[in-house]
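Note that the numbering runs from 1 along the sequence shown for the chain. Just so it is clear, the model here is predicted, and its values are computed rather than measured.
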Amino acid sequence: MAEETKKPASETTPATTQEVVVSDVPVPEKESTPQPEPVPVPETPEKSAAPVPEETEAEADTEKAPVTESASFKEESNKVEELPNPEQKALAELKQLVQDALNKHEFTAPPPPPPVKEEEKKPEAEPAEPVAAAVAEEEKKEESSAAEPTTDAAPAETPATVEPVKEEPPVPAAVVEEEKKETPPVVEEKKEIPPVVVEEKKETPPPAPAASEPSEPVEKVTEKVTAEEEDGSKAVEEIKETIVEVTATSTAPVEEAAVPAEEVAATEEDVAPEEVSIWGIPLLADERSDVILLKFLRARDFKVKEAFAMLKSVVAWRKEFNIDKLLEEDLSGLGLEKVVYNHGVDKEGHPVCYNAFGAFQDNELYQNTFADKEKMNKFLRWRIQFMEKSIRNLDFSPDGICTFVQVIDLKNSPGLYLYKKELRQATNRALQLLQDNYPEFVAKQVFINVPWWYPAYYRMINALFTTRTKSKFVFAGASRSAETLFKYIVPEQVPVQYGGLSREGEQEFTVADPATEDTVKPASKHTIEFPVTEKSNLVWEARVVGWDVCYGAEFVPSAEGGYTVIVEKSRKIAAANETVITNSYTAPEAGKVVLTFDNQTSKRKKLVYRSKTKPSD
């Protein structure tokens with residue numbers, strides 16, 4: 001159903017050619033079936049093509065939408081009972097289409113486009129074949145009837161003619177003369193009748209050989225003639241009966257051939273529905289399938305037929321790409337672990353995927369990835385495998401998390417995208433595959449380290465995106481990248497290279513230890529105090545995004561007259577360091593540890609820190 005809506009524009013031209021061919025086939029036969037053949041089948045695609053203006057209107061709406069800024073994207077619920085009624089209805093319709101397709105094994109059937117072209121050609125030749133076959137059968141039967149005329153006509157008429165002949169024996173002399181005189185007009189009447197059935201003229205000659213035979217067959221023929229003279233309608237009825245018999249005999253084989261087709265259809269109905277899984281979830285198996293179907297509906301603005309067509313396309317692509325085998329393929333060792341990787345979750349629990357194409361500044365890595373088509377295809381397979389493995393870790397239950405947050409690092413992107421043609425081609429192909437076959441898997445897309453020229457470029461391509469897609473975009477320049485990430489991801493989950501506290505290897509702090517965000521005002525000092533008890537061990541870590549700030553730490557006892565202990569001497573930390581400071585202090589007595597941040601610049605600074613107290617040994 002969904003495919004038919006796509007094809008109307010392309011099928012309108014062949015439809016007109018079909019009409020011409022059908023009208024041409026019956027011309028030599030004159031009386032075959034010219035009237036029933038021109039059934040308005042091609043009109044159905046034309047009717048289906050009618051909604052095209054609606055699509056153009058929808059496109060016009062999407063083009064107008066960018067004029068008004070869209071609000072920030074908020075994910076919809078995946079619980080069916082919480083969906084609006086139109087969306088519930090659309091989901092039910094899509095589920096019915098999927099069920100019908102599973103029953104008919106449409107997902108595993110060969111792709112539809114090639115068979116459609118063959119079917120378009122077949123109707124042009126098929127109408128002539130059955131007509132020719134029927135004509136051949138009629139001619140054979142007419143020849144057999146001409147060879148044995150009495151056997152064909154006698155069985156139906158002898159019961160009415162033979163008995164009266166025996167009852168009136170004295171009449172034959174007069175009757176024979178009358179018969180000879182009356183037969184010629186009968187022949188003329190038969191010549192008037194043929195326009196109704198042209199092919200049955202051959203049945204009239206049998207009276208001639210019958211005249212040379214004994215009188216009994218002649219009487220049978222004359223009785224036919226007198227019957228026709230007495231009531232002309234009977235002759236027409238007899239002719240009609242013969243026509244019905246011929247057509248019945250010609251259609252009989254067709255009916256016999258149709259029976260096996262019905263049996264085959266019945267056997268197909270008895271076959272169990274096929275099982276199709278996508279991302280490890282069987283379609284229509286449980287409520288997780290509803291979550292997947294909602295992704296396709298939302299990607300197509302809840303247009304059921306378009307969503308169903310996209311689903312079938314994705315299933316076919318996965319089969320062609322051999323996704324199941326790809327998951328088992330060993331593609332490690334390509335050195336792409338720092339190009340695309342998952343790290344932590346956002347504040348709502350979405351896995352965060354980082355894309356840092358600046359890593360391809362390494363010429364060796366670039367050559368190993370894009371030197372030739374084989375390596376480029378391997379990169380694409382690696383990217384799809386990475387996506388598939390990431391999706392398998394999602395929770396497709398109605399209450400689960402089944403989307404990602406994408407972070408796109410555009411650092412060093414001008415040189416890479418303008419002068420690295422292979423990278424541009426590969427990334428475009430990868431993005432196209434992801435957009436076409438992984439609908440609605442992005443909850444938020446954050447662009448960081450955006451170069452100065454990118455906003456102008458984005459305004460040029462702004463109209464290409466839907467309002468829903470644009471509502472997921474967030475842009476941040478280099479100076480505000482960390483601060484922007486902290487809006488969606490807690491600092492302890494953000495990698496250290498992007499201003500967070502998350503580092504590789506064993507660390508004193510883990511993701512379970514929450515961090516605190518603060519701001520250091522320009523041209524001012526900012527202090528943080530950690531209270532400590534006697535003989536306790538205080539551990540802390542802190543960082544200022546972009547540093548260029550003086551930092552120091554000291555211990556101040558609670559008792560009056562106590563001496564302040566310098567834990568870390570004040571020093572200036574340059575912006576190039578971008579390090580996380582970690583230290584600890586075991587207090588000999590109760591007091592507090594004071595951290596001082598002296599910002600002498602004219603810009604405010606983002607400060608992130610956390611601490612914990614451990615018992616001293």
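Between Arg610 and Glu492 there is no salt bridge, since no side-chain N of the basic residue sits under 4.0 Å from a carboxylate O of the acidic one.
Listed by first and then second residue, the ring pair (Phe, Tyr, Trp, His ring centres under 6.0 Å) pairs involving residues 386-412 are Trp382-Phe386 (not counting sequence neighbours).
Aromatic ring centres of Phe360 and Phe370: separated by under 6.0 Å.
Side-chain atoms of Leu293 and Leu284, non-hydrogen and from C-beta on, do get closer than 4.5 Å to each other. Annotation: side chain of Leu410 is in contact with side chain of Pro451 (closest heavy-atom distance under 4.5 Å). Counting heavy atoms from C-beta on, the side chains of Gln493 and Asp346 never come closer than 4.5 Å.
The two residues Val291 and Cys402 come nearest to each other via the heavy atoms CG1-SG, 3.8 Å. Nearest heavy atoms, Asn103 versus Pro273: OD1-CG, 3.1 Å.
Judged purely by atom type and a 3.5 angstrom limit, Asn462 has no side-chain atom pairing as donor or acceptor with the backbone of Tyr458.
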- [ ] Given side-chain hydrogen bond (donor to acceptor under 3.5 Å, both in side chains), test Glu508 with Thr582 step by step and report yes or no.
- [x] CA-CA 9 Å; Glu508 187 68 38; Thr582 303; over 6 Å; no
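With sequence neighbours left out, Asp372 forms a salt bridge (charged side-chain N to carboxylate O under 4.0 Å, His left out) with no residue at all.
Evaluated for a side-chain contact (heavy atoms from CB on, under 4.5 Å) with Phe475, the options Thr484, Val450, Ile448 yield exactly one hit, Val450. Of the listed residues (Arg318, Lys325, Arg381), just one forms a salt bridge (Lys or Arg N to Asp or Glu O under 4.0 Å) with Glu388, and that residue is Arg318.
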